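If you're wondering where the values come from, they're calculated on a predicted model, not measured in any experiment. Values reported hereafter were calculated over all heavy atoms of this structure, with side chains retained and with hydrogens, waters and symmetry mates removed.
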Amino acid sequence: MMRHHRILVGFVTLMMSAFTVVFCTLPRSTYSDLERRDLLRFPQFSWQRLRDGSFTQNVSNWFSDSEPFRDAFMRGSMEFKSLQSFKTKSAVTFHAAPSSAEAEIVVVPEFAELGDQRDIEEFHNNVNANAKMENAGVIVVGNAPNARALMAFKNKNKGEKSFAQVVNSYQKTFGPEVNVYCMIIPTAVEYYCPLNAESCTDPEFPVLTELYALIDTAVQVVDLYRVLGEHVDEDIYLRTDHHWSPLGAFYAARQFAMVSGVKVPELEDFESDTIKNYVGSMYGFSKDVNVKKSPEDFVYYKPLDVDYTTVYRKYDLDEAYQIVGEEPAHQGEFFVKVSGSSSAYCTFMGSDARITQVKSNADCPRRLLVMKDSFGNAIPGYLFGSFEEVHVIDFRYFTYTIKDYVEEHGITDILMANNISHVCSGAIGSAYKKILK
């Protein structure tokens with residue numbers, strides 16, 4: 001018995017020594033392909049940071065965030081969990097109705113005319129499929145190779161009122177000289193959540209109707225709720241990522257063009273390109289191996305017969321993703337060739353931390369400013385043939401004032417395009433208010 005204890009102690013000591021060597025001597029990870037993000041960098045030292053304790057705290061965060069072979073360890077953990085059928089405490093499993101093995105969707109009829117953008121009816125699906133609640137509020141529907149991961153919508157902060165107020169303040173600030181549009185983007189869970197998993201997410205329809213009632217009638221609402229509902233049987237949302245697909249963004253851009261009275265894009269005006277074997281952010285969020293084993297095609301569209309040039313003003317970020325500098329303006333490609341299929345959504349402009357200006361040969365003197373979160377990245381490319389200039393900023397990365405920017409660049413139209421989760425967070429309303437003037 002004593003001999004067995006010694007063997008066990010020796011084995012544990014050897015394993016701990018091996019982990020110590022790995023974590024303290026081998027090169028540390030700088031990017032997580034699994035989580036689709038840059039990992040924390042070693043913090044900059046200052047006496048002030050040392051005194052207030054933030055330096056040592058940031059060193060601790062860096063050490064745990066940038067461990068060697070981070071993704072390999074996480075993948076191994078997920079594979080083990082899958083093999084053992086292990087479920088966390090928050091896991092809830094739903095079973096499809098015995099008579100329905102496949103997901104079944106009821107499609108809302110096509111609308112013949114544009115109609116009142118605020119007069120919408122609730123979308124009802126009839127999706128019957130196996131589903132389980134995984135990490136980070138992710139509902140995984142079905143199994144590989146066709147699993148779909150849905151980020152649950154939880155309206156905890158109730159930020160829709162403050163968002164509507166700031167949208168109204170933009171319209172009042174610019175008056176009739178600038179057209180202000182509000183596009184609130186529903187998320188995939190509203191359309192693809194199985195009926196027996198609806199208790200895991202809040203409905204988005206009531207929030208949208210409340211927002212539409214709060215937004216001033218002088219602001220032009222671009223409703224996507226029913227538009228996307230008309231196309232739920234198409235690939236308008238990515239199965240393995242929290243974003244919509246470029247096709248979903250096309251229908252949004254088309255709706256905006258109709259509302260704003262500019263040239264309406266048609267899909268044949270674009271050439272498609274495909275990135276194979278895309279597995280997006282939801283694999284890292286859910287920690288579910290079924291998502292990893294359900295790669296999809298990432299199909300995006302580039303304009304034909306439109307001459308355009310793209311100029312970027314890129315921000316430099318520190319280890320906490322705070323802006324510390326700005327690079328000089330430089331010309332680049334709007335559709336960036338990404339390295340590896342996992343970065344496919346970065347095809348549009350490459351990242352969020354930049355100001356983008358696109359000038360085209362469009363036969364229209366109007367100039368559009370798109371104020372967005374990452375969902376909005378996929379919209380501008382469809383509008384190069386509709387506006388002579390398209391400007392793009394992200395509310396998280398902008399160091400100027402919108403009022404000055406609009407005046408300097410002769411902006412005629414402002415489109416505020418943000419997903420509903422951001423809209424309800426409260427933070428976005430504060431950010432838009434801060435940069436207005």
Side-chain angles (χ1 to χ4, degrees), residues 27-41 65-75 78 136 138 145 147-149 151 185 187-188 235-250 270-302 310 312 314-317 319 321 327 330 332-356 358 372-382 392-394 396-397 419 422:
R28 305 192 72 79
S29 303
T30 58
Y31 180 80
S32 173
D33 186 58
L34 178 61
E35 298 175 275
R36 309 294 186 267
R37 67 178 179 91
D38 293 319
L39 300 176
L40 294 179
R41 288 173 279 181
D65 194 56
S66 62
E67 61 201 26
F69 310 115
R70 175 186 177 85
D71 282 3
F73 282 122
M74 291 181 69
R75 287 191 179 98
M78 289 184 226
V138 177
R148 179 186 291 276
M151 185 66 74
I185 304 167
T187 60
D235 295 326
I236 56 173
Y237 286 92
L238 297 164
R239 289 186 294 102
T240 66
D241 198 271
H242 65 285
H243 296 102
W244 56 2
S245 72
L247 182 61
F250 163 75
F270 303 85
E271 62 174 339
S272 64
D273 203 348
T274 302
I275 299 174
K276 296 284 189 180
N277 299 315
Y278 176 63
V279 177
S281 60
M282 298 300 274
Y283 172 36
F285 290 150
S286 67
K287 307 293 190 294
D288 190 303
V289 75
N290 274 299
V291 181
K292 175 190 176 185
K293 294 179 178 179
S294 301
E296 57 189 319
D297 286 347
F298 185 92
V299 183
Y300 64 97
Y301 302 86
K302 297 182 289 187
T310 306
Y312 293 116
K314 186 175 180 293
Y315 289 112
D316 296 320
L317 308 178
E319 68 274 5
Y321 301 99
E327 297 179 5
H330 65 279
E333 298 292 332
F334 184 87
F335 298 95
V336 179
K337 214 60 171 167
V338 297
S339 58
S341 61
S342 62
S343 301
Y345 200 80
C346 292
T347 295
F348 311 108
M349 302 177 289
S351 75
D352 294 310
R354 58 186 63 197
I355 299 172
T356 304
V358 180
K372 54 82 185 178
D373 53 32
S374 57
F375 270 67
N377 293 10
I379 295 175
Y382 297 113
V392 188
I393 68 165
D394 192 293
R396 296 162 293 188
Y397 307 103
N419 80 77
H422 259 149

Checklist entry - Any side-chain heavy atom of M349 within less than 4.5 Å of one from V358? => result no
Next on the checklist: Looking at D297, is its backbone amide N or carbonyl O close enough to the side chain of T274 to form a donor-acceptor pair, meaning the two atoms are under 3.5 Å apart?
Outcome noted: no
Next on the checklist: Can you tell me how the ring of Y312 sits relative to the ring of H330, calling it parallel under 30°, perpendicular over 60° and tilted otherwise?
Outcome noted: tilted
Item to check | Whether over 12 other heavy atoms sit under 6.0 Å from E333 CD | outcome: no
Next on the checklist: Given 3.5 Å as the limit, does a donor-acceptor pair link the side chain of R354 with the main chain of Y397, or not?
Outcome noted: no
Item to check | Separation of N419 CG from H243 NE2 (nearest 0.5 Å) | outcome: 8.0 Å
Checklist entry - Do S342 and Y283 come within less than 4.5 Å of each other through their side chains, counting heavy atoms only? => result no
Next on the checklist: If you take the centroid of each ring, where Trp contributes its six-membered ring, are F298 and Y278 closer together than 6.0 Å?
Outcome noted: yes
Checklist outcome for this item: From the list I379, D352, I185, I393, side chain to side chain contact (heavy atoms under 4.5 Å, CB included) partner of K372 resolves to D352
Checklist entry - Is any side-chain heavy atom of S374 less than 4.5 Å from a side-chain heavy atom of H422? => result no
Checklist entry - Got T347 and I275 here, is their nearest side-chain heavy-atom distance under 4.5 Å? => result yes
Checklist entry - Between F375 and W244, how do the two ring planes meet: parallel, tilted or perpendicular, split at 30° and 60°? => result tilted
Item to check | Least distance between heavy atoms, L238 atom then R148 atom | outcome: O-NH1, 4.1 Å
Checklist entry - Does G280 offer a backbone N or O that forms a donor-acceptor pair with the side chain of T240 under 3.5 Å? => result yes
Item to check | Heavy-atom check, side chain of L247 versus side chain of V299, under 4.5 Å | outcome: no
Checklist outcome for this item: Closest non-hydrogen contact found for F334 with P380 is CZ-CB, 3.9 Å
Item to check | Note, I236 side chain near F250 side chain (heavy atom, < 4.5 Å) | outcome: no
Checklist entry - Atom CD of E327 and atom CG of D316: how far apart are they, to the nearest 0.5 Å? => result 4.5 Å
Checklist outcome for this item: S294 and A147 have their tightest heavy-atom pair at OG-N, 3.1 Å
Next on the checklist: Parallel, tilted or perpendicular, judged at 30° and 60°: which one describes the rings of F348 and Y300?
Outcome noted: perpendicular
Checklist entry - Do the side chain of S245 and the main chain of D235 share a donor and acceptor less than 3.5 angstrom apart? => result yes
Item to check | Test log, rule side chain to side chain contact (heavy atoms under 4.5 Å, CB included), inputs S272 and Y301 | outcome: CA-CA 4 Å; S272 64; Y301 302 86; 3.7 Å; yes
